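Since the structure comes first, as C-alpha cells, the remarks are kept for the end.
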Amino acid sequence: MTFAELVATSRTCRYFKNSVHLTEGILSDLVNMAHLSPSARNLQPLRYALVVSPEARNELFPLLNMAGGRSAEERADESRQPAGYIVIVAPRGLNDFGLMDIGIAAQTVNLAARTAGLACCMIGAFNKPAVDKFLGVPEAMESRLVLALGAPSEDCRLTGPSADGSLSYYNDAEGVHWVPKLTLNDVIMLVK
C-alpha cells in the first residue's frame, strides 16, 4: 500500500467487529508510534490511558458521544463497540504547540492502526469530567481526545461534495459510508 492509499483508506470508523479483541500490547504498540512522533519543542506533554478489558470498555462507552453526526438509530450499539481505547491526556491549559502534538499523535495512531488492519474513531465529544474520574486522571491533567479502535465493521469510501456543496457524510442503501472531500484545487491557496 502506498502512503497515499494509506491516508485515503484511514477513514473514521464508527462500527467495529465484536469478534476481534485488542490487547494491552497492541494498544501499547500504537501508543509507541505516537510517542516516537515529533513533539513541539520536544516537550512531550502527552500521556496515554489504555482501556482494554471488556468491563472497562463497557463503562467508558456510554460516556462518549460517538458518531454525533448520525441519528440515534444509526449509532453503534453494544454489538459494534470498539475493541479498545487510547485516551490522550494532557496538562490543563495546554498551549497551541501542545494542541498540535495531540493532532500529530492522533493521526499517527490512526495510520498505525490502519497498517495493522484496524480502524480508528477520534472522539472529541465526551463527558470529560466523568472520563477523567473513570481513568483516575491527576488534577493537573485532563482527557483531551479518545481514540476508539478495533477491526472495522463498515465500508468507508471517499467521494466529492454533493450537488449542493454539502460535506455531510452519509450511508447509501447498501450501507457504504461515504465521506465527501473537497477537491485539491478547492483547498490549495496559491500565493504568487
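Quantities reported herein were computed from a predicted structural model and do not represent experimental measurements.
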Distance-minimising heavy-atom pair for [X] and [Y]:
X: Ala34; Y: Tyr48; value: CB-OH, 3.8 Å
X: Asn18; Y: Gln81; value: OD1-O, 3.8 Å
X: Pro180; Y: Gly160; value: CB-O, 3.5 Å
X: Gly117; Y: Pro152; value: O-CD, 3.7 Å
X: Asn58; Y: Pro62; value: O-CD, 3.1 Å
X: Pro38; Y: Asp101; value: O-OD1, 4.2 Å

**Report entry** CD/Glu24: more than 12 non-hydrogen atoms of other groups inside 6.0 Å
**Finding:**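 At most 12 heavy atoms, drawn from other residues, nucleotides or ligands, come within 6.0 Å of this atom.
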Are [X] and [Y] in one and the same hydrophobic cluster, where Ile, Leu, Val, Met, Phe, Trp and Tyr link if side-chain heavy atoms are under 4.5 Å apart?
X: Leu118; Y: Met122; value: yes
X: Val52; Y: Phe16; value: no
X: Val89; Y: Val31; value: no
X: Phe134; Y: Val146; value: yes

Measuring from atom [atom1] of [X] to atom [atom2] of [Y], what distance do you get when rounded to the nearest 0.5 angstrom?
X: Glu154; Y: His177; atom1: CD; atom2: NE2; result: 5.5 Å
X: Glu142; Y: Ile88; atom1: CD; atom2: CD1; result: 12.5 Å
X: Asp29; Y: Leu27; atom1: CG; atom2: CG; result: 9.0 Å
X: Asp155; Y: Glu174; atom1: CG; atom2: CD; result: 10.5 Å
X: Leu30; Y: His35; atom1: CG; atom2: NE2; result: 14.5 Å
X: Ile26; Y: Leu149; atom1: CD1; atom2: CG; result: 10.0 Å

Open item on the list: Cation-pi check for Tyr169 against Arg14: NZ or CZ below 6.0 Å from the six-membered ring centre and within 45 degrees of the axis, yes or no?
Closed with: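 Because its charged atom sits under 6.0 Å from the ring centre and within 45° of the axis, Arg14 does stack over Tyr169.
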[X] versus [Y]: any side-chain heavy-atom pair under 4.5 Å?
X: Thr159; Y: Tyr170; value: yes
X: Leu64; Y: Phe126; value: yes
X: Val137; Y: Ser143; value: yes
X: Cys13; Y: Arg11; value: no
X: Leu111; Y: Phe3; value: yes
X: Leu135; Y: Val51; value: yes
X: Ile86; Y: Val109; value: yes
X: Leu50; Y: Tyr85; value: no

Inset, instruction - Would you please test Glu55 and Arg57 for salt bridge (Lys or Arg N to Asp or Glu O under 4.0 Å) and show each step? - result: CA-CA 6 Å; Glu55 299 79 20; Arg57 292 191 332 257; over 6 Å; no
Without swapping roles, check the side chain of [X] against the backbone of [Y] for a donor-acceptor pair under 3.5 Å.
X: Arg144; Y: Leu99; answer: no
X: Ser39; Y: Gln44; answer: yes
X: Gln107; Y: Ile104; answer: no
X: Asn65; Y: Ala125; answer: no

Side chains of [X] and [Y]: donor-acceptor distance under 3.5 Å anywhere?
X: Asp172; Y: Trp178; value: yes
X: Asn110; Y: Ser10; value: no
X: Asp186; Y: Thr183; value: yes

*Could you check Arg114 against Thr9 for side chain to side chain contact (heavy atoms under 4.5 Å, CB included), going step by step and ending with a plain yes or no?*
CA-CA 8 Å; Arg114 179 67 183 121; Thr9 59; 3.1 Å; yes
List, by chain and number, the other hydrophobic cluster members for Met100, where Ile, Leu, Val, Met, Phe, Trp and Tyr join if side-chain heavy atoms come within less than 4.5 Å, directly or indirectly.
->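 Direct or chained contacts put Met100 with Phe97.
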Check: Which ILVMFWY residues can you reach from Leu184 by hopping between side chains whose heavy atoms are under 4.5 Å apart?
Finding: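 Hydrophobic cluster check, Leu184: joined to Leu167, Leu182, Val187, Ile188.
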